[in-house]
Amino acid sequence: MLKQLNPQRVLRLGAVPSWRWWRDLEDRPEVRVLNVSRAPFRGLARTEHVSLVPWETLALPIPAPPENTIHQPAVPAIDSFLESLPLSEPAWMRHLANQVSPGATVFLGNSLPIREWNLAVPTLPAGCRAWANRGANGIDGLVSTWLGVAAEAAESWLIIGDLSTLYDLSAPWILAQLPPAKRRLVIINNGGGKIFSRVAWLKNAGPEARKVMENSHSLTFAPWAQMWGMGYKLITRLEDLTAAQNTADPSACTVWEVRPDAEQTAEFWKQL
């Protein structure tokens, strides 16, 4: 939608977006960007036509809107895709979001879960705080970062890819030193780095090249959860998610290994 709009003015409120579209603004100096943020950073490396004002600016009176309003084109509806393909990866993001309680902390990482969450989850319950690491600044130490960010939270969620989890297998050592809390460590296990399956140049590569890039595997995280004394639940159906929510210890860290349906996921992206 943003590419179709081709906006010439961008107003950013709050943290730096994780979207690829935002990063592409680095190479578009003609687009004027105004940042309103608590942090003293522009969020872009370029300085031309990029400005920053303090968060307190939002407390100033808002001028009356002009009489003529520009109506943006509608975002392509994906609700029908999510409903018809309920076991696809993006659909699982919406299912998981529906389990989050108001006021919880949600941490996303690395790249693909963030993209799918942004696509499928329109909003979070009231009072939730969202965090994310992705790309070049983020596959290492994601589990550790979540445990640190949400150390004092009564309820926190980590929704992470399988490769990102494998990069930080030692992180749960700190659990014994953290206060009891409802912690849900959700691993989207699609058997590798499936984000690379949609990279344009890789689509025409041979099976061996794709295997190397995707780091395909058939691992399960049940032994890992057992090693650190965490609860574990394998989730492949919606009924599994309901059972996991009803039986998980409300004051402990539990691993939910979600295995999306590969065919439904491929069909979702094809339809989109």
Side-chain angles (χ1 to χ4, degrees), residues 1-3 15-24 75-76 78 81-82 85-100 106-122 124 130-146 157-169 171 184-203 205 209-221 224 234-236 241 255-272:
M1 185 196 75
L2 290 171
K3 289 183 178 180
V16 177
S18 59
W19 302 342
R20 170 60 184 268
W21 184 86
W22 173 267
R23 301 201 305 277
D24 287 343
V75 179
I78 66 168
F81 302 159
L82 297 175
L85 302 166
L87 302 182
S88 64
E89 283 188 38
W92 277 112
M93 293 299 169
R94 180 166 292 188
H95 301 325
L96 291 167
N98 290 335
Q99 307 299 319
V100 177
V106 178
F107 197 108
L108 304 170
N110 185 16
S111 289
L112 192 54
I114 298 175
R115 295 169 189 238
E116 293 173 338
W117 182 279
N118 285 342
L119 186 65
V121 181
L124 277 172
W131 300 74
N133 273 10
R134 65 170 294 176
N137 54 329
I139 195 171
D140 291 308
L142 285 177
V143 182
S144 299
T145 306
W146 163 62
W157 294 71
L158 173 64
I159 301 175
I160 189 174
D162 48 286
L163 293 186
S164 296
T165 307
L166 292 172
Y167 268 74
D168 201 13
L169 292 178
R184 299 293 173 261
L185 200 170
V186 183
I187 304 170
I188 308 298
N189 187 359
N190 54 21
K194 296 304 182 183
I195 190 171
F196 295 108
S197 65
R198 302 207 316 277
V199 175
W201 70 266
L202 195 57
K203 289 181 179 179
R210 292 173 64 91
K211 182 178 180 181
V212 170
M213 288 299 297
E214 294 182 8
N215 292 301
S216 300
H217 66 84
S218 57
L219 298 172
T220 177
F221 292 89
W224 178 63
L234 175 62
I235 299 176
T236 60
L241 180 60
V255 175
W256 291 355
E257 182 176 342
V258 177
R259 294 186 187 173
D261 185 288
E263 293 183 1
Q264 288 196 21
T265 301
E267 182 63 22
F268 174 90
W269 293 116
K270 179 181 178 181
Q271 291 189 27
L272 188 66

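All of these numbers come straight from a predicted model, not from anything done at the bench. These values consider heavy atoms only, across backbone and side chains, with no hydrogens, waters or symmetry-generated copies.
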Margin query: side-chain contact (heavy atoms from CB on, under 4.5 Å), that's the test. Do L163 and H217 meet it? Break it down for me.
Written below: CA-CA 9 Å; L163 293 186; H217 66 84; 4.1 Å; yes
- Do L119 and F81 pass the side-chain contact (heavy atoms from CB on, under 4.5 Å) test, and can you show the C-alpha distance, the side-chain angles, and the key distance before you say yes or no? CA-CA 12 Å; L119 186 65; F81 302 159; over 6 Å; no
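- Atom CG of L108 is separated from atom CH2 of W157 by 12.0 Å, given to the nearest 0.5 angstrom.
- Minimum heavy-atom separation, P90 to W269: CG-CZ2, 4.1 Å.
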Checklist entry - Where do I188 and M93 land on the side-chain contact (heavy atoms from CB on, under 4.5 Å) test, with the steps shown first? => result CA-CA 9 Å; I188 308 298; M93 293 299 169; 3.9 Å; yes
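- In terms of heavy atoms, L96 sits closest to L241 at CD2-CD1, 4.1 Å.
- Proximity of a side-chain donor or acceptor of D168 to a complementary backbone N or O of S164 within less than 3.5 Å is not detected.
- Atom-to-atom distance recorded for L142:CG and W131:CH2 is 14.0 Å, nearest 0.5 angstrom.
- Exactly one of Q264, K270, Q271 qualifies for a side chain to side chain donor-acceptor pair (under 3.5 Å) with E267. That residue is Q271.
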Take L158 and V143, measure what side-chain contact (heavy atoms from CB on, under 4.5 Å) needs, and give me the verdict at the end. CA-CA 8 Å; L158 173 64; V143 182; 4.0 Å; yes
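- S88 and P260 get closest at one heavy-atom pair: C-CB, 4.3 Å.
- Distance check: I160 CD1 to L112 CG gives 12.5 Å after rounding to the nearest 0.5 Å.
- The line from CD1 of I159 to CD1 of I187 is 12.0 Å long, rounded to the nearest 0.5 Å.
- You'll find the side chain of F221 reaches within 4.5 Å of the side chain of L166, heavy atoms only.
- Within the 3.5 Å criterion, the main-chain N or O of L219 finds a donor-acceptor partner in the side chain of N189.
- Annotation: W21, atom CH2; neighbour count of heavy atoms from other residues, nucleotides and ligands within 6.0 Å is above 12.
- For the atom pair OG1 (T165) and CH2 (W224), the distance works out to 6.0 Å, reported to the nearest 0.5 Å.
- Here the CZ-CG distance, from F268 to L85, works out to 8.0 Å after rounding to the nearest 0.5 Å.
- The shortest heavy-atom contact between T265 and E89 is OG1-N, 3.1 Å.
- Here the closest non-hydrogen pair linking L87 and W92 is O-NE1, 3.2 Å.
- When only modelled atom types and interatomic distance are considered, T220 and E257 share a side-chain donor-acceptor pair under 3.5 Å.
- Of all non-hydrogen atoms in R94 and L82, the two that sit nearest each other are CZ-CD1, 3.3 Å.
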